[in-house]
Number of protein chains: 2
Amino acid sequence: MHSFTEENYLKTIYYLAARQEGEVTTNSLAEMTATKAASVSDMLRKLAEKQLIHYKKYQGVRLTEEGERLALKVIRRHRIWEVFLAEKLGFGWDEVHEMAEELEHIRSEELVRKLDAFLGYPQFDPHGDPIPTPAGQMPTVEYTKLSEVTVGAEVQVMGVLEHSPEFLQHLDKTGLNLGCRVLVQDVNAFDKSVSVQINHQKTLFVSNEVARNLLVN
Amino acid sequence: MHSFTEENYLKTIYYLAARQEGEVTTNSLAEMTATKAASVSDMLRKLAEKQLIHYKKYQGVRLTEEGERLALKVIRRHRIWEVFLAEKLGFGWDEVHEMAEELEHIRSEELVRKLDAFLGYPQFDPHGDPIPTPAGQMPTVEYTKLSEVTVGAEVQVMGVLEHSPEFLQHLDKTGLNLGCRVLVQDVNAFDKSVSVQINHQKTLFVSNEVARNLLVN
DNA sequence: ATAAAAATTTAGACTAGTCTAAAAATTTTT
DNA sequence: AAAAATTTTTAGACTAGTCTAAATTTTTAT
């Protein structure tokens, strides 16, 4: 078995590798896990010994197959619990992450299987992120950032790139929920802000900052 | 906040105090927590410093009001999660305890409140144990051991004193489930085993060992 | 190509929780 | 009431994960 802490490192390495290209650095891991680079170095040595990562000193880090398998298992648990919290208990998408950070470490395999069945085998978590398969595959999704949609197109909000409660609460306030239809009316040439019509009703101005973090199809 | 480990000690002290009379001893705690007496001594000093227990060296231990409040909170979480696992996910009453041992330490208050509501504010866990109130009171229940019921009486199975999977699986096998009606037909004078009729149907012999661990009303 | 800056690792220390072995206190037996 | 047995506590050590400070390696800038 692997510790709570090891699971968190693996998960974080996976996320950073997916978001950046190239190797994952010690410093970026330190920032993400809210620890210091020295602590990360120690842990990397340990994970490398256990063959969960490829690691050469000073050269950054990459998950081994086994490491990735474990990371995806943790991410799967996390996202399934998020669905439970949102769909069954009525938590907002801005509230579920923190609790799922704890729930993802509950060990029983059977628990995740049954929870998955109870939820009807969901494909996506409340933020639109795909749930890894039981076999340990991350489903590929092809979404576009709202900031890159051409004027006149009508698209649907499918996910977010930024997951902070503040951002999600902002979306709630403006009505930009998952699944809502967005017609791009105009792009401001100066600040790249976007004028959109939501669900064929109200018109809204969306800053480029927000548009870059909204995934649509 | 209190650590996972501290919560476990408080919970265990509560259970031991409820089951024995008098003070809870270092050795009994060591046995229950599967550690050594030396480790328990250390932890007791720490819990006493935090005013969660009354503790005089060599004299055993008793929860303070605050300590009991915390213990009951943990027990409440444990039992609510057990209800979820059994009722919603379909786990057997012999399977839920182990998972609940982990789930009981998830920190969010709001989570327990919402889970409780989702489950319809259950009063009892899958073993018939009462769920402490949100205010931190342990409901009193007055059950009798099946071994003490007089011949001719008809009673209902309300709970168990022994919680091991083996015992619970044995009850499953013989059909002695929670809520089932039991008519005491005869008590064997030699070994105190009991002859009972279940739900007005099949007749069964129940050893004294089993009868002593079955709670009825 | 070297110096300066930045990133990373090592060294040594700390905390929580555990252990074994030894010491001290309490309880039981005679 | 003293001796023996039992229980409990203390002392000192270990592990996982963290930290700061110092040393080392890599990268960037001149």
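Numbered from 1 within each chain, the chains take letters A, B, ... in sequence-line order.
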Legend entry - Rounded distance (Å) that lies between atom C1' of dT18(C) and atom CG of N8(B): 14 Å
Legend entry - Contact letters for nucleotides 4-14 of chain C, in which S counts primed atoms plus P, OP1 and OP2 and B counts the base, heavy atoms under 4.0 Å: ---SBBB----
Inset, instruction - Check whether any side-chain N or O of K36(B) sits under 4.0 Å from OP1 or OP2 of dT18(C), and answer yes or no. - result: no
Inset, instruction - Quickly work out the L47(A) CG to dA16(D) P distance and round it to whole Å. - result: 13 Å
Inset, instruction - May I ask you to decide whether K11(A) forms a salt bridge with E104(A), counting only side-chain N to carboxylate O separations under 4.0 Å? - result: yes
Legend entry - Atom-to-atom span, CD of E31(B) to P of dT18(C) - whole angstrom: 16 Å
Legend entry - Ring centres under 6.0 angstrom apart (F84(A), F84(B)): yes
Legend entry - Side-chain donor/acceptor of S39(A) to backbone N/O of T35(A), under 3.5 Å: no
Legend entry - Phosphate OP1/OP2 of dT18(C): any Y9(B) side-chain N/O under 4.0 Å: yes
Inset, instruction - Indicate, with yes or no, if the rings of H78(A) and H97(A) have centres closer together than 6.0 Å. - result: yes
Tell me which donor-acceptor pairs under 3.5 Å the side chains of residues 130-150 of chain A have, and how far apart each pair is, sequence neighbours excluded?
from, atom 1, to, atom 2, distance (Å)
T133(A), OG1, A135(A), N, 3.4
T133(A), OG1, G136(A), N, 3.2
T133(A), OG1, Q137(A), N, 2.9

Legend entry - Watson-Crick or G-U wobble mate for dA1(D), both contacts under 3.5 Å: dT30(C)
Legend entry - SB check R77(B) E7(B) (cutoff 4.0 Å): yes
Legend entry - d(CG, L29(B); C1', dT7(D)) in whole Å: 13 Å
Legend entry - Nucleotide paired to dA16(C) in any strand shown, Watson-Crick or G-U, under 3.5 Å: dT15(D)
Legend entry - Length of the CD-P vector between E23(B) and dT27(C), whole Å: 12 Å
